[in-house]
Amino acid sequence: MFVMRSYNRPYLGVAIFFLLFLQLLTIGSAQANPRYAAIVIDVESGDVLHQANADATRYPASLTKMMTLYMLFEALENGTMRLNQPLPVSAHAASMPASKLWLAAGSTITVEEAIKALVVRSANDVAVVVAEALGNTESGFARMMTQRANELGMTSTVFRNASGLPDNAQVTTARDMATLSIRVMQDFPQYYHYFSTQSFTYRGTTHTSHNRLLRNYAGADGLKTGFIRASGFNVATSAIRNDRRIVSVVMGGFTAASRDTHMADLLDRGFARLSMLQRGDWIAQADVLGDRMDLPESPSASAQQLAAAPEAVEPASSGERQFSFQSEMGVEMGSADDPIRALIAQADTPRTTYQADMPRASSGGNWAVQVGAFNDPDQARHLATRAADQLSGFMRDVRVSVAESEGERRVFRARLVDLQESDAHSACNSLRAQGMDCMVVAHY
């Protein structure tokens, strides 16, 4: 079902095509990567702008630490913790595997240092320090985390530890992680700025954030990355543009670089859709997913307060965005007897490397690969050109086309055209494997 404004009947067919197009995209992503899940939400309205496998069970990895921090922020607010309060380091905490701060048993770390270590270093030893300070034992704290998460509406989430290290029973969904991200911002705007911290120095050593999106995506101002082998590369990101805030979660990336590139693409599309909604664009009015997040009003924050929250770094301009990231493999290592390891093994099979004698795109065909539909021809051409660039390792001389639909309202379809049907399907499969939405259509 979808909701549409009152428009002439000829536009109904195009709208239905648009809906089917987006549904096919979700199917393609799921087939390309069994760990993949994503969701994009407009924080102000709660509208779900995009979702793929958003309610499928996934491993949170270090996104878990957002919940650990949520519990710590609650303790700060109710007065049971202070920012300058020293927290003792147990032998159990000191024994945690990397990523860690290498705290010594018997030492202490302040609450504020712990916050920065969790955000910037994703320190597993610090997560246990916080857990033991709030729950006496890590297992007891994990039960507290699960109960609080369920109270926040995260009904598909179970925590077994405070760090996100491998545990088959520690599970969540992309939707639940988005809920947590929004509640952190809404409930504790006074602490949200910690999530944009790029580096911090502890006992003479400076630690730098794993979250490269904060440096490379204009408007991104916080939240968290995560990785274990079972989960793939995860990230929760919040970004603001033109006074509108979007929260997006991507889970199961093949690499840190591909995860971040895909997140940037989802944010771009989310903001483009919001822009169309604000202009009353008829395509944007379609309730494509028939979904809306129920975001409870928080007495402590509003969208305006979040927009005005302090930032630790000035966001880069869109022209400076780069995604030549190094892999984070080994940063948050761990292993687990993963019940979906057979699927993961298939997903991790190395993809074919295409040599310089790759085939040219066949010409004269009546098929096309469509990667989007816009009311701005420049946006359509930009995306079509980017799709052609992503196929440069697959086939040469792909022709880009921006086709304008007929009717009172102008819609420009971003396409790669003049393909044979088999080539079009192969090209679309390649794009989907790289995280780009597409569908094969007849083109005359």
Side-chain angles (χ1 to χ4, degrees), residues 13-33 36 38 40 49-53 250 253-254 258 261-266 268-270 272-273 276 283 286 288 323 347 351-355 357-406 410-444:
V14 180
I16 292 173
F17 164 80
F18 186 70
L19 302 181
L20 293 174
F21 166 57
L22 289 181
Q23 290 172 350
L24 286 172
L25 303 182
T26 299
I27 294 170
S29 296
Q31 292 174 339
N33 180 358
Y36 174 71
V40 184
L49 304 174
H50 171 77
Q51 66 172 329
N53 308 318
V250 169
F254 286 113
S258 64
T261 301
H262 186 52
M263 172 61 81
D265 187 53
L266 290 179
D268 281 346
R269 295 182 186 208
R273 180 170 169 80
M276 289 191 290
I283 286 181
V288 175
F323 292 101
R351 283 173 278 179
T352 303
T353 300
Y354 296 92
Q355 304 300 322
D357 59 350
M358 70 193 81
R360 292 179 179 272
S362 54
S363 59
N366 294 324
W367 293 87
V369 175
Q370 182 160 313
V371 294
F374 301 85
N375 63 355
D376 183 340
D378 292 334
Q379 286 182 330
R381 185 166 297 280
H382 172 74
L383 186 60
T385 300
R386 194 169 73 178
D389 290 342
Q390 288 188 225
L391 290 173
S392 60
F394 179 76
M395 60 176 60
R396 293 180 291 167
D397 302 331
V398 179
R399 193 166 83 82
V400 169
S401 171
V402 176
E404 182 178 358
S405 66
E406 298 179 358
R410 304 170 72 197
V411 177
F412 298 91
R413 301 188 181 100
R415 290 179 172 178
L416 310 177
V417 299
D418 296 343
L419 300 173
Q420 299 296 330
E421 184 177 5
S422 60
D423 290 337
H425 282 287
S426 296
C428 191
N429 288 337
S430 177
L431 291 173
R432 287 170 177 167
Q434 298 176 69
M436 178 173 281
D437 300 333
C438 63
M439 71 179 300
V440 174
V441 296
H443 179 79
Y444 299 100

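In this structure, the side chain of Ser430 does not engage the main chain of Ser426 through any donor-acceptor pair within 3.5 Å.
Considering only residues two or more places apart in sequence or on other chains, Ala384 meets the side-chain contact (heavy atoms from CB on, under 4.5 Å) condition with Val400, Ala414.
Between Asn53 and Tyr36 the shortest heavy-atom distance is ND2-O, 2.8 Å. Of all heavy-atom pairs spanning Ala424 and Ala368, the tightest one is CB-O, 4.4 Å. Between Ala387 and Leu416, the closest heavy-atom pair is CB-CD1, 4.1 Å. Shown here for Cys428 and Val440, the closest heavy-atom pair between the two residues is CB-CG2, 3.9 Å. Nearest approach of Ser401 to Val417, heavy atoms of both residues: CB-CG1, 3.5 Å. Across all their heavy atoms, Leu266 and Ala38 have their closest contact at CD1-CB, 3.9 Å.
Distance check, rounded to the nearest 0.5 Å: CG of Leu383 to CZ of Arg269 gives 5.0 Å. Asp265 contributes atom CG, which lies 7.0 Å from atom NE2 of His262 (distance to the nearest 0.5 angstrom). The distance from the CG atom of Asp423 to the CG atom of Leu391 is 10.5 Å, given to the nearest 0.5 Å. Once rounded to the nearest 0.5 Å, the distance linking CZ of Arg386 with OG1 of Thr261 reads 8.5 Å.
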